[in-house]
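Notes follow once the structure below has been shown.
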Number of protein chains: 2
Amino acid sequence: MNLGHKKGTAMLDDKQCPDCKRINEVLSRVGDRWSVLVVISLAEYGTLRFNELKRNLGISQRMLSLTLKELERDGLVNRTYHPTIPPKVEYNLTNMGQSFREPISALGYWALENLATIDVARRAYDEKVTNQLTYTQSPRAPDF
Amino acid sequence: MNLGHKKGTAMLDDKQCPDCKRINEVLSRVGDRWSVLVVISLAEYGTLRFNELKRNLGISQRMLSLTLKELERDGLVNRTYHPTIPPKVEYNLTNMGQSFREPISALGYWALENLATIDVARRAYDEKVTNQLTYTQSPRAPDF
DNA sequence: CCGGATCCAGTATGATACTG
DNA sequence: CAGTATCATACTGGATCCGG
């Protein structure tokens, strides 16, 4: 999630918003868009090769490489290297990786139920703003 | 989450990883770290002023301003402007904003249960990598 | 003073080219 | 095929300025 932004966050004050500290930590780890999507994809297909993931997600080679390395480091993903020619590298979820799918599904359901509403709100807001701009920019009646 | 990365993502192929497309969309909207934290914070306290949020989250003025504008646009947050001196602007969640707390809580619980495990995995991985580097960098026995 | 808007510098991301 | 290196660009945070 654009949850990107892995390092920059200042430490939160302990006394404030107790939940935020915890949430903030988890988001720092597995909260970016690509991590989430890789986990979903592996949860759905079991085992995938590097380029299969790349094609599935429309992610750049660079980010996929970085994301997988992070996920392996965090113990969410297993990496299996087959030293054949051409090489073959397979990825699948660890148990912890699998368990991560549950909270993500919750997010998915919420998404399904609310995306339409968000789009409506967004259009309404944009229209309102546009009208305000039009109004302040040409207070006088149009010249015709 | 770092889900940041709001615009750059190429559209996903429809035929691949059906869930990913939906998840990807929601993450593009409310998936970045600050949006999530602002919603949590408002869910916890009900109504907060601009600088209260700023202090709670350790977010920069700039990002808070942008994040709140987005959340208002998406219909998750209400903004109330009191034209006093000094000005006073209050924010609280809409119904949709409130409903967003549920999936986020799921994430929070998962976090609570798994953060420690992640840290362990991370340390183990780092140590392994360090040893490999040490090995390849100085194949000979240390000079003592 | 508060809530922002603006400008600037550092970081993260994507596209492309290259290697084993 | 599975990455790594490089460069251009987008985004983020910090400092500064401003209207009320």
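Since this is a predicted model, take the numbers as computed values, not measurements. Proteins get letters first, then strands, A, B, ... in listed order; numbering begins at 1 in each.
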Not counting sequence neighbours, which residues clear side-chain hydrogen bond (donor to acceptor under 3.5 Å, both in side chains) with B:N51? List them please.
none
Between atom CG in A:L68 and atom C1' in D:dC1, what is the gap in whole Å?
14 Å
Can a side chain N or O of A:S65 be found less than 4.0 Å away from OP1 or OP2 on D:dA2?
no
Proximity to the side chain of A:M63 - top-ranked nucleotide from D:dA2, C:dG14, D:dG13
C:dG14
Just jot down the side chain to side chain contact (heavy atoms under 4.5 Å, CB included) partners of A:E52, sequence neighbours excluded, or say none.
A:L48, A:R49, A:R55
Are A:V120 and A:L112 connected in a single hydrophobic cluster, I mean Ile/Leu/Val/Met/Phe/Trp/Tyr linked by side-chain heavy atoms less than 4.5 Å apart?
no
Within-4.5 Å side-chain heavy-atom neighbours: A:L93 and A:L71:
no
Test side chain to side chain contact (heavy atoms under 4.5 Å, CB included) applied to A:R122 - qualifying residues, sequence neighbours left out
A:I118, A:D126, B:R29, B:E70, B:R73, B:D74
With sequence neighbours left out, the residues meeting side chain to side chain contact (heavy atoms under 4.5 Å, CB included) with B:T94 are B:N78, B:M96
To the nearest angstrom, how far is B:F50 atom CZ from D:dG20 atom C1'?
16 Å
Would you list the pairs meeting salt bridge (charged side-chain N to carboxylate O under 4.0 Å, His left out) in which at least one residue belongs to residues 91-105 of chain A, sequence neighbours left out?
A:E44-A:R101, A:R101-B:D19
Between P of D:dG3 and CD of A:E52, the distance in whole Å:
13 Å
Residue whose nearest DNA chain C nucleotide is more 5′ - A:P87 or B:E90
B:E90
May I have the distance from B:I59 (atom CD1) to D:dG14 (atom P), rounded to whole angstrom?
10 Å
Applied to residues 55-107 of chain A, the ring-ring contact (aromatic ring centres under 6.0 Å, His included) test, sequence neighbours excluded, yields A:F100-B:W110
Presence of B:W34 side-chain N/O under 4.0 Å of D:dG13 phosphate oxygens OP1/OP2:
yes
Show the distances under 3.5 angstrom between N or O atoms of the protein and N or O atoms of nucleotides 16-19 of chain C.
unit_1 : atom_1 : unit_2 : atom_2 : d
C:dA17 : N6     : A:Q61  : OE1    : 3.4

Separation of D:dC1 P from A:L53 CG (nearest whole Å)
14 Å
By side chain to side chain contact (heavy atoms under 4.5 Å, CB included), which residues pair with A:Q61, not counting sequence neighbours?
A:F50, A:K54
Would you mind reading off the distance between A:L57 atom CG and C:dT13 atom C1', rounded to a whole angstrom?
16 Å
Check each residue of residues 78-86 of chain A for a non-hydrogen atom within less than 4.0 Å of any atom in DNA chain D, then write out the ones that pass by number, or none.
A:R79, A:P86
Nearest-nucleotide check on DNA chain D, B:L66 vs A:V89; residue mapping nearer the 5' end is A:V89
A:L64 CG to C:dA12 C1', in whole Å, measures 16 Å
Look at all strands and tell whether A:K69 reaches a base, only sugar-phosphate, or nothing, counting heavy atoms closer than 4.0 Å.
sugar-phosphate
For the pair made of CD in B:E70 and P in C:dA5, what is the distance, rounded to whole Å?
13 Å
